[in-house]
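Quick notes on the structure that follows.
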Amino acid sequence: MQKSALERVTVIFTLFDRNGDGHLEAEDFEIMARDVVRAAPQSSEAARNAMRGAFGRYWVTLAAELDADRDGTITFDEFTACVLAPERFHDTISEFAEALAELGDPDGDGLIERPVFLALMTAIGFEHDAINALFDAFGPSRSDQITVSAWVAGIKDYYSPTKTGIPGDRLVTAQA
């Protein structure tokens with residue numbers, strides 16, 4: 001695994017661990033889902049439900065695939081396996097990426113405005129400077145928008161163990 005992939009996973013684990021107890025559990029994903037959905041008041045109820053569902057599936061997949069000792073929690077060591085075996089999580093990550101991008105595109109025009117992107121990524125827990133650096137790395141238009149497809153691809157790349165020099169690396173630098 002690339003060092004950058006491990007750094008990205010470390011950041012995500014820390015952000016997912018909403019109660020800060022050093023392991024992931026269903027409640028962490030419920031809290032994050034609530035926070036992210038709350039950050040998207042202009043999005044449709046269907047989009048908010050899709051996001052809640054994606055967080056729920058994310059947890060269920062992690063628990064089924066990674067909870068080696070079946071204690072209902074995921075340790076950091078267990079969590080790193082999601083990057084070591086991305087084929088086991090491809091569908092879950094795709095669903096999550098698409099739901100998050102849909103939430104970020106409340107008018108359905110295929111474009112995400114910086115303020116909406118900032119609100120959602122802040123709700124996840126990323127730093128403002130890192131979020132803006134990531135948005136800029138996606139090559140926004142003159143009207144300061146990025147495409148839904150660019151964000152979806154960027155989220156998927158973030159979880160890839162072989163990807164380096166990707167836009168998502170900007171999230172690691174600022175969070176570290």
Side-chain angles (χ1 to χ4, degrees), residues 1-16 29 32-33 36-37 39-40 42-44 46-48 50-59 61-62 65 79-176:
M1 171 177 14
Q2 298 285 338
K3 179 181 179 218
S4 56
L6 183 58
E7 291 170 342
R8 293 189 301 260
V9 169
T10 301
V11 169
I12 287 298
F13 182 87
T14 301
L15 296 176
F16 278 156
F29 288 79
M32 186 175 279
V36 171
V37 166
Q42 301 299 322
S43 296
S44 70
R48 291 192 301 268
M51 187 77 259
R52 287 182 196 102
F55 272 113
R57 179 171 176 195
Y58 202 133
W59 168 251
T61 302
L62 286 177
E65 296 286 335
F79 186 69
T80 58
C82 75
V83 169
L84 293 173
E87 66 281 356
R88 293 165 56 191
F89 299 94
H90 175 75
D91 292 343
T92 300
I93 297 302
S94 292
E95 178 184 348
F96 173 79
E98 291 164 12
L100 186 58
E102 181 183 354
L103 206 60
D105 182 20
D107 59 6
D109 65 356
L111 299 170
I112 300 168
E113 291 79 22
R114 187 181 300 259
V116 175
F117 185 85
L118 185 64
L120 291 172
M121 294 295 281
T122 299
I124 292 171
F126 292 106
E127 304 275 336
H128 283 191
D129 289 345
I131 299 166
N132 282 310
L134 175 61
F135 192 87
D136 290 340
F138 286 136
S141 67
R142 284 191 206 165
S143 57
D144 212 24
Q145 300 170 314
I146 61 170
T147 64
V148 165
S149 61
W151 196 14
V152 168
I155 293 168
K156 291 177 183 179
D157 285 350
Y158 192 90
Y159 286 89
S160 175
T162 60
K163 301 279 182 162
T164 59
I166 62 170
D169 288 339
R170 284 147 184 89
L171 297 172
V172 174
T173 304
Q175 294 289 134

Report yes or no: does Asp157 contribute a side-chain atom to a donor-acceptor pair with the main-chain N or O of Ile166 at less than 3.5 Å? no

Does any part of the side chain of Leu111, heavy atoms only, come nearer than 4.5 Å to the side chain of Ile146, both counted from C-beta? no

If you round to the nearest 0.5 Å, how far is OG1 of Thr14 from CZ of Phe79? 9.5 Å

For the residue pair Asn132 / Arg170, report whether a side-chain donor-acceptor contact shorter than 3.5 Å exists. no

Before giving the answer on side-chain contact (heavy atoms from CB on, under 4.5 Å), spell out for Tyr159 and Ile12 the whole-Å C-alpha distance, their side-chain angles and the decisive distance to 0.1 Å. CA-CA 10 Å; Tyr159 286 89; Ile12 287 298; 3.6 Å; yes

Tell me if a side-chain donor or acceptor on Arg52 pairs with a main-chain N or O of Ala47 at a distance below 3.5 Å. no

Minimal heavy-atom distance between Ala39 and Ala119, with the atoms involved, is CB-O, 3.6 Å

Between Val152 and Ala101, which heavy-atom pair has the shortest distance, and what is it? CG2-CB, 3.6 Å

Short side-chain to backbone donor-acceptor contact, Arg8 and Gly168, under 3.5 Å: no

Enter the distance from Thr61:OG1 to Phe96:CZ here, rounded to the nearest 0.5 Å. 12.5 Å

What are the two closest non-hydrogen atoms of Ser43 and Leu103, and how far apart are they? OG-O, 2.6 Å

Check: Leu62 and Phe89 side chains under 4.5 Å, non-hydrogen atoms: yes

Interatomic spacing from OG in Ser94 to NE2 in His90 - rounded to 0.5 Å: 3.5 Å

Looking at every non-hydrogen atom in both residues, tell me the closest pair between Pro140 and Arg114 and how far apart they are. CG-NH2, 4.0 Å

CG of Leu15 to CD1 of Ile124: how many Å apart, nearest 0.5 Å? 8.0 Å

State, with a plain yes or no, whether a side-chain heavy atom of Ile112 is found less than 4.5 Å away from one of Thr147. no

Checking Glu113 against Phe117 for the side-chain contact (heavy atoms from CB on, under 4.5 Å) test, could you report, in this order, the C-alpha distance in whole Å, the side-chain angles of both residues, the deciding distance, and whether it holds? CA-CA 6 Å; Glu113 291 79 22; Phe117 185 85; over 6 Å; no

List the atom of Pro167, the atom of Phe138, and the distance in Å for their closest heavy-atom pair. CB-CE2, 3.8 Å

As an exercise, state the distance from CG of Asp136 to CG of Asp144, rounded to the nearest 0.5 Å. 7.5 Å

Candidate pair Val9 and Tyr158, rule side-chain contact (heavy atoms from CB on, under 4.5 Å), full reasoning: CA-CA 8 Å; Val9 169; Tyr158 192 90; over 6 Å; no

CG (Leu171) and CD1 (Ile131) are apart, to the nearest 0.5 Å, by 7.5 Å

Residues Glu102, Val148; criterion side-chain contact (heavy atoms from CB on, under 4.5 Å); working and verdict: CA-CA 7 Å; Glu102 181 183 354; Val148 165; over 6 Å; no

Can you check whether Trp151 reaches Leu100 side chain to side chain, under 4.5 Å on heavy atoms? yes

Any donor-acceptor N/O pair, Ser141 side chain to Ser143 backbone, under 3.5 Å: yes

Heavy atoms of Thr92 and Tyr58 approach each other most closely as CG2-CA, 3.5 Å

When you measure from the side chain of Asp105 to the backbone of Asp109, do you find a donor-acceptor pair of N or O atoms at a distance under 3.5 Å? yes

Flag the pair Phe16 / Phe29 as yes when their ring centroid distance falls below 6.0 Å, and as no otherwise. yes

